Structures are given as structure tokens and as C-alpha cells.
Colleague: 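Next up is a structure, given as C-alpha cells.
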Amino acid sequence: MATTPVPAKIAQRAAKLRTDLDAHNYRYYVEDAPAVSDAEYDTLFRELQALERDYPALATPDSPTQRVGGQAATEFDPVTHRAPMLSLNNAFTNEELEAFDRRVRTALALEEVDYAVEPKFDGLAVSLVYKQGKFTLGATRGDGYTGENVTANLRTVRAIPMRLPAGAPPLLEVRGEVLMLKRDFAALNATQEAAGDKLFVNPRNAAAGALRQLDPTITASRRLAFFSYGVGAVDWGKVKPPATQEALLDLLSALRLPVASQRSVVRRLEGLLGYYRAIGDKRDSLPFQIDGVVYKVNQFAHQERLGFVSRAPRFALAHKFPAEELPTQVLAINVQVGRTGALTPVAQLKPVFVGGVTVVSATLHNEDEVRRKDVRVGDTVIVRRAGDVIPEVVRVLPESRQKNAPQFVLPKRCPECGSKVVRLPDEVIARCSGGLVCPAQRKQALLHFASRRAMDIEGLGDKLVDQLVDAGLVHTPADVYKLDAGALAALDRMADKSAANVVAAIGKSRATTLSRFIYALGIRHVGETTAADLAKHFGTLDALLSADEQALIEVRDVGPVLVQSILQFLAEPHNRDVIAQLRAGGVHWTESAPRQAIRGKFSGLTFVITGTQPTLSRDDAKALIEEHGGKVAGSVSKKTSYVVAGADPGSKLDKAGELGVPVLDEQQLMAMVAHGRIER
DNA sequence: TTACCTCGAGCTCA
DNA sequence: CTCGAGGTAA
């Protein structure tokens, strides 16, 4: 198809409009100083749209008009991050901050360290991939390794450039935060209210909601902002890699990527504290919500030397503002019964809006905790939503205490089934002794059985489980496989179609794996990992069912507590009966040969590693020992066969001396691997 | 723990 | 239109 030639004047005008629109976006989102009103912006935008409509050749993909393209997706594809998106360690107190600075200085052997500092945005972490300067992929953080592809939605974020200026690195993965400016949030809620739609609770949730839209046009209308704070995988190409965090941010900024203008570089602990205070004072006047500040050791060379601890860098710290605390009233203290029968007191609270959400309940953990805080019904308490998201009762306001409000006592009988409540000596948790007689425990056990990581019965959620148990249709997991569509269809909100779906899901779940099955049984202390270990070790269910203490302890990572728990479960005839019924009900899996018991040189031996070995790292040494059938324990006891000591050994070496446990160095350990046991 | 979005399906009323 | 279930995020 022939395209209409574009007159030079028109092309110039389009180019001008494009630069202007981009500049306005930049002023609005990055410099927080809009130069034109929304209406003026719209006029320019529509003019450009009109030009592009008349001359389609002008409509290049990086034009601001092309941000909303394509149609609604049906789901988000998974994206594996080129470099994992790690989380940061948190600090709430000055002491924790001091400890951070001290650790950094010690590790670097420096008197004072420069830190790049910036606000900690309260939004959603995303990764943007630019290839040859073009925005090609945007993803959510997900679990840090795999996120969701939200490219179409991120294209609508005007603060995110579609194209970087010339001279950008050939591959640049930008890390940053998507958020909603306070003023855009207020405007959004105003329109929502005018339209009679639901209001959003806070900017963060509004941003999260916008990003999860399948239809990018909705995302576009929600006006998201973006700030970058780092990079992931990068191919610098001809660009000279920056040597500091500060230089990196300068570079990003030069590439027209938004960077917080409040960033700075400070020196020593005093500098960190000063910045924390300064930002804290400015907090309310900032255009976006923040929940603290972030400190990063400025020099990349230093960062590399500091390295990582498990999933977080040792060179960075998020210093959070104190959690918001508000008073509210305790309406009641309920007692919940968990899957294992654990009784948990839960405070029902008069709803309070704290830390961005409405809190109506907070766990009080256990009886001792309630006593320690002395929470009573009717009290006014201080509630806080801590950094870990879970609401907590901080303390009681003593003056609020009603006269003769009784102290909380855990009921002697289970509130669900009336069975006796027992609390073993040395344990904080009280439990209902009713076992599976207790409907609450039955429901929880069933829910666990059906859950995604266990038997994965789709559609069997808590409401349905409630109904099934209350109606007496299901007593044990085995009964699930005796259900038919007819029985189900008699329940609320369960017409023919739903019933058929649930029956189909139940049928599908019959084909499973041994490891899922073991996990689904809900044996105490047997989680997913242990279930997998057991399945692998024994290979068949019968082998597990007939295992004795001796056989169980040989399983990797299975200790005495686990052994007792498993034996207790298996000793219960009822449990064996349910297992038999499940198999009779058609639950099946492929069994495998039991794992060859490792008949290595070290089988039956327990090692404890202490200090730094000359060549092997702790993990290497552990792997080496396990490879040969040995076990590695954390502390020395009289059951320890050998202690492997390196440089700077800890107290474990002294303990070995006391107990007369033989001590090896790395060389002797290697010799044992090569030649067998050392004769002593 | 709370909030958000999406989907399928049931419920309700015209 | 409303509900339950499932998923994600902090």
C-alpha cells in the first residue's frame, strides 16, 4: 500500500509535538513541576494524534500516542529476570543502623564510608529492559527470580521513556518503582467517587491495581509514575561503566530515566542519620508516598567486597520510618483452632485505618502473650502495622480499662468441639485434644489436603469445606473422593455446573505424586520439603508406612522431633484407615525405587564444622560430607563423631575438647574421604 | 493480614 | 449484580 508522502512542515510539527509532550511528561513526573495544564497537554496530544492519523507514516512506535496499543491480554506471561531482583534488609532503630555502618566499616577496613542515599518509594518494584535503547520488556518483581510480563501496561506509564537517547548501553535493565503520585491518587478517587465506583484505599494499592489490569487502556487512565534506583543485567558496550551508585544514577538521569531528585551522598553514620531526619521532615510535602530511606555503599568496588547474605545485599539497607500506631478498642477476644489443634487468641478490633489499610483483627499469638500485654475485652489498645505487614497489638492504654474487666483465660474446652484443651509443659501453645473429631481441625485439615501444593483440588475453598463438614458429608479427606455431583448440588451456590466442576477437579487430583500425598496428610512438622525428602528416600508409601525409628532417622534432615511426629501419626489406626480409603478411592501416583541408602565412607557419622577451612567453604565441606553419607550438625554433642576445625574456630572446638570428640582439620577430612576412616 | 484484580457461575429481577 | 475462589503484592 502506497503511503501519502509527508510534507516536511508536517513532519517537523509532529517531531516538535513529540519532543514537547515528552518534555511535559518529564516535567510532571520527574521534576514535579508541570509547565502546562492537563487540558493544554491534551490539546497537544490530540493534535499529534490527528497528524498521525492523516499521515500514518508518522506514527512510529515510540510516539507518545502509541503508548496504549494492542488489546487486552488474558493473562500475564512469566518472565525470568536476567539478574534476580533481591530484597533489602530493614532497620527500624538507630541501633540497627549503627550496627549496619559498623559491619560495613569493619568488612571494608575503613574509617568512614560514603553512602548513596535516597527515599524509599512505597510502590511496586519493576524491571525495565532496554535493548539498543528501546524499551522492550517490563516485568513485576514476583518472587525475585520470575515475575510477570506487564510490558503493555508499563508502556502507558508516561514517566517511562520508550526510547533512550543515543549513546545508551546496548542492553540496560533498569530497576525501579512504579507508584502513583499523591495528587493523581486524589484525582483518581475523586473521579471514582463521582462515578459511584469503589474508592482506592491508598496510592500503593491503586498503583498495584492499575498495573494488574489486563486492559492497558485502564492502566493508562490511572496515571502511574516511575522512579529508577538501580540496574540489573547490563551490557555497557562503549559506555564507561560507572564506579559509584551516584554516578549510576547520574547516568540514568542523563538517559532521561526518572531518578529521585531527593537523592544525595552522605558520609558516616552522622550523614545517614541526618538524611533520615531531613527526609522524615519532608515526608508529607513529597509528591509521593515513601516508607523510609535507602542507603547504599556508594563505591561499587566496595559493594562487591561486601557481597550478599542469602537474599539481600550486605551493602544496602532500608531504614524504615516507624510504623503508624493508633488506638482502637478490643471488641472481643476470639479463640481460633488451627489445623494442628493449636488455639490462637485473636483480638477483634473496632476497625482502624492504620498504615494504609483497615485493621479489624490482630493475632495475640498465645495465652502467655495475652497475659504479658494484659489485653482484656473492652480495653483501648495501640495497634501498629509493622514492617512485616502483620498488624499487632502494641500495648494497652491502662486508663481505658473498664472496672471488673476479667483477665483473659484460654477456655479449658475447645470452643469448636468441646474437647479438652491440653498444654504440654515447656510449650507455649495450647492444643485441642479432639484431633479430627474437632470440626475446626477437620476443616483445616481438609483445606490443607485440597490446597494447591498438596492435592490441588481446584474449587474446594473454605466456604465449600465449611458446608461439606457442617452437612456431615465429609469427615475425613477420604470422603472427598466419595462425593458425587448430586450431593454437591444440594449445597448453597452449588448448582449443576459448579458441582460438575468440583467433581472434575476432585477426579483430576486422584493422579498425584507420593510427595504431594505425604504433604497432604498434614503430619505435624512435615512440610513440603520434608514430604519430598521422605518420598524420595522411601520411594513407596508402604515403605514409609512400615518405617521404624531407625529407618526414619536415616532420612536426610529428619531429626528426633520429626521422627516422633511421624511415628505418632502412623501409630494412629484412624490415620492408616484414611490412607487405605484414599487409595481405595482411586488416589494414585507412580512409585519409585527407594533411594539407595548412601553407603559412603561416612555413613552413620555426624560432623560439626567450625571456623574457616583453608580451601573448602562451609557449604562445600557440608556437601562433601553428605556426598559420602555423613551428616552435618550445627552443634557439638556426645553423638558427634568428629569436629572439623579451621581457622578462628568457635566455642564448638572447646565443647569438642570437653566431650572428647576427635577434631580434624581440612586435610585430615580429605584424607578420610580418600582412604577411609582414620584409625585412632 | 489486607487489598486489589480476574474469572466463572449463581442469584435476582425485569 | 454478587459471591467464592484463586492469584499477586507489600
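Labels below follow one simple rule: chain letters A, B, ... track the order of the sequence lines, proteins then strands, and each chain is numbered from 1. Here the structure is a predicted model, which means the values were calculated and not measured.
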Colleague: For A:Met180 and B:dC4, what is the distance between atoms CE and P respectively, to the nearest whole Å?
Modeller: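 Checked: the CE to P distance equals 12 Å.
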Colleague: Please confirm whether A:His448 and A:Tyr519 have ring centers closer than 6.0 angstrom.
Modeller: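 They qualify: ring centres under 6.0 Å apart.
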Colleague: Mind calculating the distance between CG (A:Asp492) and P (C:dT2) to the nearest angstrom?
Modeller: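 The answer, rounded to whole Å, is 18 Å.
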Colleague: Checking contacts here: which listed nucleotide (B:dT6, B:dA9, B:dC4) is nearest the side-chain heavy atoms of A:Lys497?
Modeller: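 The answer is B:dA9.
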Colleague: Return whichever of A:Ile218 or A:Thr363 has its heavy-atom-nearest nucleotide of DNA chain B closer to the 5' end.
Modeller: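 The answer here is A:Thr363.
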Colleague: Backbone N or O of A:Asn202 within a donor-acceptor pair of the A:Asn205 side chain at under 3.5 Å?
Modeller: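 The answer is no, because no donor-acceptor pair under 3.5 Å joins these two groups.
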Colleague: Within 45° of the six-membered ring axis of A:Tyr28 and under 6.0 Å from that ring's centre, is NZ or CZ of A:Arg183 located there?
Modeller: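 Yes, A:Arg183 lies over the aromatic ring of A:Tyr28.
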Colleague: Just to be sure I understand the rule, does A:Arg453 reach a base, reach only the sugar-phosphate, or reach nothing, if contact means heavy atoms closer than 4.0 Å?
Modeller: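 Here A:Arg453 touches no strand at all.
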Colleague: Walk me through it: do A:Lys373 and A:Asp368 pass the test salt bridge (charged side-chain N to carboxylate O under 4.0 Å, His left out)?
Modeller: CA-CA 9 Å; A:Lys373 290 182 176 161; A:Asp368 292 359; over 6 Å; no
Colleague: Answer yes or no: does a side-chain N or O of A:Thr358 lie under 4.0 Å from OP1 or OP2 of B:dA3?
Modeller: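 Yes, because at least one side-chain N or O of A:Thr358 sits under 4.0 Å from OP1 or OP2 of B:dA3.
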Colleague: Taking only N/O atoms, report every protein-nucleotides 12-14 of chain B pair under 3.5 Å with atom names and distance.
Modeller:
none

Colleague: Tell me if the centroids of the rings in A:Phe288 and A:Phe227 come within less than 6.0 Å of each other.
Modeller: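 Yes, close enough.
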Colleague: Does the protein touch nucleotides 4-10 of chain C at the base, only the backbone, or not at all? Give it as B, S and - per nucleotide, heavy atoms under 4.0 Å.
Modeller: SSSSSSB
Colleague: Just compare B:dA3, B:dG10, B:dG8 and give me whichever is closest to any side-chain atom of A:Ser498.
Modeller: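 Closest nucleotide among those given: B:dG10.
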Colleague: Are A:Tyr145 and A:His81 an aromatic pair by the rule of ring centers under 6.0 Å?
Modeller: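 No - the distance between ring centres of A:Tyr145 and A:His81 does not fall below the 6.0 Å cut-off.
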Colleague: Closer than 4.0 angstrom, basic N to acidic O: yes or no for A:Arg452 and A:Glu458?
Modeller: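 Answer for the salt bridge query: no.
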Colleague: Report the residue (A:Asn202 or A:Ala499) whose heavy-atom-nearest nucleotide on DNA chain B is the more 5′ of the two.
Modeller: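 Result of the comparison: A:Asn202.
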Colleague: The side chain of A:Gln213 lies closest to which of these nucleotides: B:dT6, B:dA3, B:dA9?
Modeller: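 Closest nucleotide to the A:Gln213 side chain: B:dT6.
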Colleague: Any ion pair linking A:Arg223 and A:Asp38 (charged N to carboxylate O, less than 4.0 Å)?
Modeller: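 Looking at A:Asp38 and A:Arg223, the cut-off is met.
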Colleague: So that I know where these two stand, are A:Phe321 and A:Tyr276 an aromatic pair - ring centroids less than 6.0 Å apart?
Modeller: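 Centroid separation for A:Phe321 and A:Tyr276: below 6.0 Å.
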Colleague: Expressed as a whole number of angstroms, how long is the span from A:Leu349:CG to B:dT1:P?
Modeller: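 Taking CG of A:Leu349 and P of B:dT1, I get 12 Å after rounding.
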Colleague: Using ring centroids (six-membered ring only for Trp), state whether A:Phe185 and A:Phe200 fall under 6.0 Å.
Modeller: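 No: the rings miss the under 6.0 Å criterion.
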Colleague: Which one, B:dG10, B:dA3, B:dG8, comes nearest to the side chain of A:Ala495?
Modeller: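 Of the options given, the side chain of A:Ala495 lies nearest B:dG10.
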Colleague: Round to a whole Å and report the spacing from CG of A:Asn501 to P of B:dC7.
Modeller: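 So the two atoms are 16 Å apart, to the nearest Å.
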Colleague: Return the value, rounded to whole Å, for the distance between atom CD1 of A:Ile390 and atom C1' of B:dT2.
Modeller: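 In whole Å, B:dT2 C1' lies 11 Å from A:Ile390 CD1.
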Colleague: Look at A:Lys198 and B:dC4 and indicate whether a side-chain polar atom (N or O) is within less than 4.0 Å of OP1 or OP2.
Modeller: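 Yes, because at least one side-chain N or O of A:Lys198 sits under 4.0 Å from OP1 or OP2 of B:dC4.
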Colleague: Let me know the distance between CG of A:Leu491 and P of B:dC11, rounded to the nearest Å.
Modeller: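 Rounded to whole Å, this separation is 11 Å.
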